[in-house]
Each structure stands twice: as C-alpha cells, then as structure tokens.
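Here the structure is a predicted model, which means the values were calculated and not measured. The chains referred to below are lettered A, B, ... by the order of the sequence lines, with proteins before strands, and numbering in each begins at 1. As a basis for the values below, the full set of heavy atoms in this structure was taken, side chains included, without hydrogen atoms, waters or symmetry mates.
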Amino acid sequence: MSVVTNTTTIGAIEAPSRRNTELALLAFAVVIPVFAYLNVGLALNGEVPAGLLGYGLGLGLLAGVAHLVVRKFARYADPLLLPLATLLNGLGLVMIWRLDQSPRLIQRATTLFGGFSPDAPKQLLYSAIGIALFVGVLILLKDHRILQRYTYISMAVSLVLLILPVFFPAVNGAKIWISLGPFTIQPGEFAKIIIAIFFSGYLMVKRDALALASRRFMGLYLPRGRDLGPILVVWVMSILILVFETDLGTSLLFFGLFVIMLYVATERTSWIVFGLLMSAVGAVGVATFEPHVQQRVEFWLNPFAEKTWAQSEQIGQALMSFGSGGTLGTGLGQGDSDLIGFAANSDFILSTFGEELGLAGMMAFLLIYGLIVERGVRTALAARDPFGKLLAIGLSGALAIQVFVVAGGVMGLIPLTGMTMPFVAYGGSSVIANWALVGILIRISDTARRPAPAPAPSPDAEMTQVVRP
Amino acid sequence: MNKPLRRIAIFCGLLVLALLVRTNWLQYVEAEELNTHSKNRRVLIERYANERGNIIVDGKPITGSVETNDTDFKYKRTYVDGPMWAPVTGYASQAFDANQIEKLEDGILTGNSDQLFFDRTMAMFTGDKRKGGNVVTTLNGAAQKAAFERLGSKKGAVAAIDPQTGKILALASTPSYDPSNFAGYSGKDEKAWLALERDKDKPKLNRALREVYPPGSTFKVLTAAAALEHGAVDDINAATDTPEPYILPNTRTPMVNHANGCKNASLNEALKVSCNSVFAKLGDKVGRDKMVETAQKFGFNNPEIDTPVRAAASVYDKTMDRPGNALSSIGQFNTATTPLQMAMVTAAIANDGKLMKPYMIDRLEAPNLEVIKNNEPQEMSRPLSPKNAQLLQEMMENVVEQGTGGNAKIDGVQVGGKTGTAQHGENNSKNPYAWFISYAKTSDGGSPVAVAVVVEDSEAKRDDISGGGLAAPIAKAVMKAVLDSKK
C-alpha cells in the first residue's frame with residue numbers, strides 16, 4: 001500500500017478520458033440546432049426548410065472532425081468544452097438564418113445598400129474556418145507551454161493588432177475594424193487571446209517580484225514603482241483604445257483581463273483594489289470629454305427618452321424584445337426582434353434569443369456560457385504549471401467578461417459597448433478567434449488531466465509504516 | 001494559485017448570476033410593461049396582424065379590413081361612410097393609434113381578448129386563420145344618416161337615445177373626418193392626419209360626447225322638473241308670481257325676456273314661449289342645492305358616463321351664489337352640457353321619469369358569431385316621478401304644438417320638445433348655439449326616441465327662434481327616421 005500525494009484537483013492517476021461522453025454530448029449539440037432549424041422553417045414558411053439535410057450534415061461533419069481530432073491529439077481533454085461551443089455555434093447559425101428570412105431586414109438592406117445577401121452561409125464558412133483553426137491548434141500545439149516562448153512577440157503582436165484599427169475609418173462610430181480588400185477583420189477578438197498569452201508569460205516570471213516586494217500602507221500592499229510600470233502601461237493603453245478607437249468594450253475586456261491575471265499571479269487583493277480604482281479613474285476621465293461614451297451612458301440611462309429614441313432606438317427595441325418574449329418566448333421565427341434593425345444578427349442577436357425562446361431559453365443560454373467559463377476555470381485549477389493556470393484563467397476570464405459586457409449591454413444592465421456574443425453572433429473574426437480560444441483551453445485541459453508519471457516512492461512513507469506485509 | 005482561482009470562479013459565477021437576475025427582471029417582472037410600452041411597435045403589428053373584426057350597425061359592418069403587402073402590418077382598416085360613423089367608431093390607424101370603440105374594444109376586434117381564448121385555442125388546433133370578433137352597436141343607420149345629412153355643412157352634433165332602453169340610436173358630429181384617410185402609415189396618411197390636427201374647426205372632436213355647450217333655454221325643462229319635484233310648483237297652469245322685469249336676487253340686473261306675456265305666466269305658458277324671468281325666479285325658489293340634486297340625478301357632474309366611450313362631464317355648479325344659480329336655471333352662467341346629456345334629460349322625461357343608462361354597444365360577438373357579452377338595459381336613476389314626468393311631457397308637447405318648437409311637428413305623432421339658444425363668449429360676443437331637444441311618442445304612449453341637437457351656427461339670430469329654426473328640423477328628421485324604421 002502506497003500513499004499518493006495529490007495536489008491537483010483532478011486525480012493524477014488514470015483520469016478517464018471521457019471521449020465517449022464528449023461524443024454523446026456532441027450528438028445532442030448537433031441535434032438540438034437541427035431541430036431548431038426545422039422549427040424556424042416550419043414557423044416561417046410552414047414547410048421543412050430546403051437546406052435542413054445540408055445544414056445538419058455540415059454541422060455534424062464539423063463537429064465530427066473536431067471530435068476525432070480531439071480524440072487523437074488531446075485524449076484527456078475536458079469533455080464539455082467542445083459540445084458546448086458546438087451547441088452555441090449551431091444555435092447562432094440557426095438564429096442568423098432566421099434573421100436572414102426577415103422581410104423587414106431584407107427591405108431595410110435593400111433600401112439602404114441596394115441589395116440583400118444572406119449572412120448564414122457566410123457564417124457557416126466562418127464556423128468551418130474557426131473549427132479548422134481549432135483543429136490546427138490541437139495538431140500543431142503539442143504542449144501549451146511552447147507559447148511561453150513567445151511572451152514578448154505576443155506583446156508586440158497584440159499591440160499592433162490593437163493599434164491598427166486607428167488607421168482605418170470608423171464603422172458606425174467605433175474604430176475596431178481593419179479592412180483588407182473584401183475582408184474586414186476585428187483584430188480585438190484575436191488580440192484578446194494573444195494578450196492573454198503575453199500576460200501569462202510575463203506574470204509567471206514577475207509574479208514573485210510583484211507579490212512580495214511591496215510596502216504595506218493603510219492595510220494595502222503597495223507595489224514598487226518599477227513593478228507598477230507594466231500596469232500603468234496597460235491602463236494607459238486601454239484608455240488610449242477608448243479614446244482613439246472609441247471602443248469601450250475592448251478596453252474594458254483588456255483591463256479586466258489584466259486585473260484578473262495579476263490577482264491570480266500575485267494572490268494580492270490590493271491589485272484588485274488598484275485595478276478597480278484605476279479603471280474608475282480612467283472611465284470617469286474619458287467619459288467627461290468623450291461624447292461617444294457620454295452618449296452610450298445616456299442611452300443606457302434613458303433608453304425610451306425622446307432624444308435617445310431619435311438618435312438610436314436600439315437599446316429600447318432590445319429591451320422591448322426581451323419583454324415581449326416573456327417567460328416562454330414567442331417561439332422560433334415568430335418574434336419581431338428584427339425591429340432592432342441594424343446589428344440585429346451581430347451585437348444584438350441575444351435579443352432574438354430572448355424574444356423567441358423567452359426567459360427559459362435565456363437562462364439556459366446564459367448557463368451554457370457560465371458552464372464554458374467554469375470548465376475553463378476548472379482547467380486552470382487542474383493545470384499543473386503556473387503558465388497554464390494563468391493562460392486558462394485569462395482565456396476563461398476574457399470569455400466571462402465578454403459575455404457579461406455584451407449581454408449586460410443588450411439587456412440594459414450596463415451601457416452598451418459593442419462587442420459580439422461569442423460563437424452566436426454573426427462575424428468572422430469573432431467565431432474564428434473563439435474557436436481558437438476553445439482550442440487552447442482544450443489543449444491545457446488535456447495536459448492537466450493527462451495521467452502524470454507515477455510519483456517516485458517516498459522514503460518518508462516507508463518510515464511511517466508500522467506493519468510490513 | 002488555487003485560492004485566487006476559486007475566487008475568480010466565484011466572480012465569474014456572479015457575473016453570470018447578474019445576467020440571470022437581469023433577464024428575469026426584464027422578461028418576468030417588467031415583461032408586461034415592456035410588452036405594452038407605447039413605443040412597442042408589436043402592439044400595432046399585432047393589432048393589424050389578422051383580419052380585424054367589424055363594428056356592426058343594423059346587421060351590416062361599417063368597417064372593413066384590406067390586405068396590404070406591408071412588412072409590418074398585414075391588414076389595413078377601412079370604413080364605410082367614414083365621416084358619418086366616425087363619432088361612433090373612432091379610428092384605428094397604423095401610425096396614430098386608435099380611439100373610441102376601435103380602441104376600447106381592441107381586444108375583441110383583434111381577437112386577442114381573454115374572452116376569445118377558447119376561439120383562439122380552437123383556431124390553433126384547426127389551423128384556421130385567426131380573426132377578430134365583432135362589435136354590434138345599438139345604432140340606427142337611418143337615424144344616423146338623417147342626423148349627419150341634416151347637419152350637413154353646419155357645425156354641430158346630434159345625440160339620439162331610445163328612452164325605454166338607453167340605447168344610443170344616433171351620434172353625429174360635424175364637421176367630421178374619414179378615418180380611412182389615415183388608417184395606414186404612409187406619407188399621405190400623415191398629411192391627412194396633420195391636416196386634421198391643424199384644422200381650426202376640429203373635425204376630430206366628437207361633439208356629441210366630448211364637447212360641452214351652454215344649454216340655453218333647453219335647460220328650462222330641467223328647472224321645471226326640479227320645481228315640480230321639490231314642490232315649488234303644484235299646478236303647471238297656475239299663475240306664478242313673477243314680476244316684469246324680474247331683477248336677479250342680490251343684484252340690480254334685470255332678467256331680459258325675449259318673449260312677451262311673461263309677467264305672472266304659468267309654468268306651462270312660460271315653457272311654451274320660453275320666459276327667462278319665470279325660470280330664473282323658479283330656480284332661485286328651488287334653491288341651489290335642490291337644483292344640483294335634480295341635475296345630478298339626470299347625470300350632470302358625473303365624469304364617468306361611459307357609453308362605453310366616455311362622455312365629457314356636464315356641469316351644474318355646486319358652489320355658485322344665488323344670482324349664479326338663477327342664471328344657471330335658464331342654462332346660462334357656467335352651466336355646460338354635452339348633447340348626449342340633454343338627450344338623457346329628454347329621454348328621462350319621455351320615459352316617465354326613469355333614466356336609462358345610455359350605451360351604444362349591444363353585444364360582442366366571437367369570430368364565429370357566438371355572443372360573448374350581451375349588454376342589457378340598465379336603470380341609471382329616477383330623476384322625477386311618473387306624474388311629474390307626464391306633466392312635463394304635456395308642457396313639452398305644448399311647446400311643439402303652439403310654441404317655439406313648431407318646426408318639429410310630425411303629422412300623426414305626438415312630439416314634445418324645447419328650443420334653446422345659448423349665448424356664449426364674453427359679453428355674448430360669440431355666435432350663439434341653436435339647441436333643440438325633443439322626443440316622439442307612438443300611439444301606445446311609449447317613446448322610441450329622444451333627440452338632442454346643437455348647431456353652432458354663425459348666422460343664428462339671438463332668440464329661441466334660432467333653436468326652433470335651425471335645430472328643430474334636424475331633430476324632426478332623426479325622429480322620423482326612427483319612427484319609420486319601427487314600422
């Protein structure tokens with residue numbers, strides 16, 4: 001009989017691989033959107049939608065490929081992440097297709113842009129690219145610790161990605177896009193992953209200096225000036241993004257991410273206090289002279305005021321959309337969420353879920369996101385190396401903040417900031433980047449759950465033995 | 001690093017919890033409020049999503065629905081003889097909401113009412129297209145037509161009631177408007193709406209229910225009723241002790257009579273020629289409080305006369321001084337009344353003192369024509385005894401037979417009436433209103449119709465002749481239409 005010292009949450013010995021669980025869950029994650037698709041078709045046109053078979057096979061194929069790659073290259077990965085992401089992606093596709101059928105939106109596009117092209121096929125293509133990237137991450141990234149080598153390159157890349165949109169024209173008031181020929185990319189979505197890599201690498205090295213070399217002042221641990229430097233840089237950067245790109249969402253995400261990772265790395269509550277103080281100072285400072293931000297706050301406080309209504313009905317329309325959904329919703333295809341008009345299938349897609357699936361659907365929907373995030377946190381807990389821990393918590397924290405900021409904005413809990421709901425909203429950058437994010441999380445969870453080499457026999461254990469067999 | 005990780009997990013959980021609480025708040029607590037918000041276009045979309053039920057007169061719809069190929073509104077409201085029926089139907093517009101019956105019975109007309117729950121559920125199972133129910137009115141098409149056509153280009157209103165039941169038979173108001181002109185939401189509809197809004201003659205105003213006018217001499221029948229009820233007069237043919245000129249109490253102002261022979265005239269004679277002095281003195285003798293009591297029994301000072309479209313409250317001041325009360329007794333000072341109210345006064349007299357609650361919706365029908373709600377006649381009050389009511393009838397018939405109301409005479413029918421010309425404006429500078437109230441009796445002694453007519457006419461001469469000359473022929477036409485349709 002030997003004693004095993006176990007410091008990880010998930011057992012070091014022979015964790016079951018759970019691949020078959022994943023497969024069963026994936027089957028659900030494909031079947032549910034297929035039924036939703038059928039439901040929309042029946043509700044809108046009274047007939048089985050023509051693309052049902054193609055759509056079902058497409059989604060099934062993508063999920064199947066992803067599953068096989070996980071089975072081969074990440075045997076011990078968390079079994080929930082892939083099905084949850086697939087379910088969200090599938091439901092998002094259904095909803096985008098449903099909004100494509102809206103005569104109101106078609107008419108709007110025709111009068112504004114002289115033509116209408118459906119978004120669902122494009123989104124299906126983006127999902128395929130996203131899953132390809134997911135597959136690429138799992139095949140090429142044998143061990144997440146390799147990413148540690150690219151700490152400073154990541155910093156440079158993320159800086160470039162964040163600054164680039166300044167040189168491109170603003171789209172609908174926010175400079176968050178770069179356009180390359182026919183493609184427009186939202187670099188912020190990719191930057192959030194790359195910056196998490198940079199933070200993990202940097203903090204893993206500097207965590208002791210940040211945590212210990214500090215003076216105590218009024219119950220708080222004040223960091224030394226030179227350790228404070230990077231934080232100030234991040235703070236200034238997030239404010240600069242806010243000012244030059246008028247992108248409240250990305251700066252919030254960016255800053256929240258850094259505070260979370262700093263706190264986890266240093267285990268010092270004082271960092272959170274500093275973080276909140278600085279973000280408050282930054283936000284208030286910017287809000288006093290940035291009309292775009294002031295306007296957002298005004299829209300949030302008085303969504304139904306005549307002045308707000310004249311400038312933008314969106315928030316009010318979204319709120320009424322949720323209200324009209326009520327407890328059980330109007331049923332897929334039977335709501336009027338397309339009254340929101342602009343961005344109905346991207347930033348505001350959640351309203352359509354709210355109206356057509358109701359409170360019940362919304363709760364389920366939010367819990368799916370909650371589950372993804374908590375599986376990510378669990379991965380962080382299970383990870384055996386600090387870099388993996390930091391990266392996993394960074395990525396899941398980013399996802400949590402993004403979901404909160406977007407859903408909270410659409411539901412009028414906080415001012416609207418204009419990011420996309422991961423996986424469900426229409427938009428190439430968002431879908432592709434989030435599949436990459438899940439890929440990295442799966443890679444970390446695989447490493448974390450992989451059976452560790454058997455611990456060396458401990459001489460101490462021998463000594464406490466009373467009776468020898 | 002696991003302790004802060006667990007805390008971050010809790011933090012993320014709290015973020016999700018906040019979203020869950022918010023979605024419950026929006027979709028459960030505030031759902032109703034958001035769903036019926038005035039800016040929520042779904043209310044309108046829903047109103048026009050299905051073929052709207054109809055408002056029915058004499059078994060025929062006076063409204064309709066046409067299918068449009070609009071993305072928001074599938075159906076548009078149409079009206080048959082819109083201007084004539086507008087005071088009854090109100091309007092239902094995609095851009096400008098709805099009013100009157102169209103709004104009050106929206107639930108039945110759209111089919112969304114809880115009362116139609118069974119029909120909706122059945123339609124869901126049978127796959128039938130959802131349809132609205134119908135509102136069947138009490139109105140008499142011929143009477144309405146007579147009222148509207150006789151008013152013609154004049155500004156004014158007519159209200160006609162069946163005294164025995166309280167059923168509203170005609171409700172006309174001119175100038176009127178055609179609700180079809182702005183039933184949609186196009187630029188043309190908006191222009192039509194704005195033109196109505198800006199029109200100085202206020203065509204959208206429902207003068208029969210929502211406008212209060214000084215009643216002038218027609219109010220004298222109410223003063224006579226109060227005098228009889230409260231014992232100020234026992235014999236309608238006995239001479240009253242009225243001087244000529246009569247000086248208003250507590251003042252040096254003489255009460256001017258337009259008629260001759262008012263000195264000591266009997267009540268019957270005074271009503272026939274419309275003596276101001278006799279009624280001012282009588283009103284003073286009855287006293288303010290008792291006058292108020294009788295007026296209120298007839299429906300004055302009641303802000304909730306719902307037909308179901310709410311009528312404006314008619315006013316008999318409860319706090320005025322003695323000379324004010326004397327002036328009010330001849331329908332001046334700040335006494336004000338809707339045409340409907342004067343029709344109610346006439347109806348109560350014609351119905352032997354029993355006032356029936358006026359109503360214009362006979363029944364509500366489900367799309368399959370099954371009756372959902374049947375409105376029964378209701379007694380509202382008994383403002384005077386049958387004996388006194390008959391005395392008043394005698395006097396009012398006298399007015400038509402020999403007095404100022406000659407223009408309302410109908411061959412072979414007993415008609416009672418009273419003329420009135422109401423001066424208004426500062427120093428009576430504005431043009432007077434010509435009034436006529438009347439009822440007609442059938443051979444069995446019952447009365448099938450009581451009418452009140454008001455004409456805001458600029459050419460009217462300032463005496464009772466204008467009431468008899470302008471308004472009485474309109475009342476006669478309406479009464480005749482009702483009598484003819486009874487045959």
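Atom-to-atom distance recorded for B:Ile305:CD1 and B:Leu209:CG is 10.0 Å, nearest 0.5 angstrom. Rounding to the nearest 0.5 Å gives a distance of 5.0 Å between CG of A:Asp78 and OG1 of A:Thr379.
Chain A forms the most heavy-atom pairs under 4.5 Å with one residue out of B:His37, B:Arg41, B:Glu30, and that residue is B:His37. Options A:Thr327, A:Leu339, A:Ile401, A:Leu390 differ in how many heavy-atom pairs under 4.5 Å they form with chain B, and the most are formed by A:Leu339. Most heavy-atom pairs under 4.5 Å with chain B: of the set A:Ile393, A:Val377, A:Ile260, A:Leu359, this distinction falls to A:Leu359. Per-residue heavy-atom pair counts under 4.5 Å with chain B were compared for A:Gly316, A:Gly329, A:Gly335, A:Gly358, and the maximum is reached by A:Gly358. Note: A:Pro386 leads A:Ser396, A:Gly325, A:Pro386 in heavy-atom pairs under 4.5 Å with chain B. Here B:Leu34 is the residue among B:Val16, B:Thr36, B:Leu34 with the most heavy-atom pairs under 4.5 Å with chain A. Heavy-atom pairs under 4.5 Å with chain B were tallied for A:Val373, A:Ile106, A:Leu319; the largest tally goes to A:Leu319.
Using a 4.5 Å cut-off between heavy atoms, A:Glu267 touches chain B through backbone and side chain atoms alike. With a 4.5 Å cut-off on non-hydrogen atoms, A:Ala392 does not touch chain B at all. Both the backbone and the side chain of A:Ser321 come within less than 4.5 Å of a heavy atom of chain B. With a threshold of 4.5 angstrom between heavy atoms, A:Val264 approaches chain B through its backbone and through its side chain. Both the backbone and the side chain of A:Leu366 come within less than 4.5 Å of a heavy atom in chain B. If you measure heavy-atom distances from B:Asp70 to chain A, you find no contacts under 4.5 Å at all. Only the side chain of B:Ile45 comes within less than 4.5 Å of a heavy atom of chain A; its backbone N, CA, C and O stay farther away.
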Criterion salt bridge (charged side-chain N to carboxylate O under 4.0 Å, His left out) on B:Lys204 and B:Asp199, from CA distance to verdict: CA-CA 9 Å; B:Lys204 278 208 336 271; B:Asp199 195 327; over 6 Å; no
Salt bridge (charged side-chain N to carboxylate O under 4.0 Å, His left out) between B:Asp201 and B:Arg207, intermediate numbers included: CA-CA 11 Å; B:Asp201 288 338; B:Arg207 292 176 161 79; 5.9 Å; no
Stepwise ring-ring contact (aromatic ring centres under 6.0 Å, His included) test for B:Phe96 and B:Tyr91: CA-CA 9 Å; B:Phe96 307 104; B:Tyr91 55 82; 8.1 Å; no
Intermediate values then yes/no, side-chain contact (heavy atoms from CB on, under 4.5 Å), B:Arg310 and B:Arg210: CA-CA 8 Å; B:Arg310 180 161 290 186; B:Arg210 301 292 312 163; 4.1 Å; yes
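A salt bridge links B:Arg52 with B:Asp106; the closest basic N to acidic carboxylate O contact falls under 4.0 Å.
For the pair A:Leu203 and A:Thr266, the minimum side-chain heavy-atom distance is 4.5 Å or more. Inter-residue side-chain proximity for A:Ser312 and A:Phe299 is flagged as met; some heavy-atom pair is nearer than 4.5 Å.
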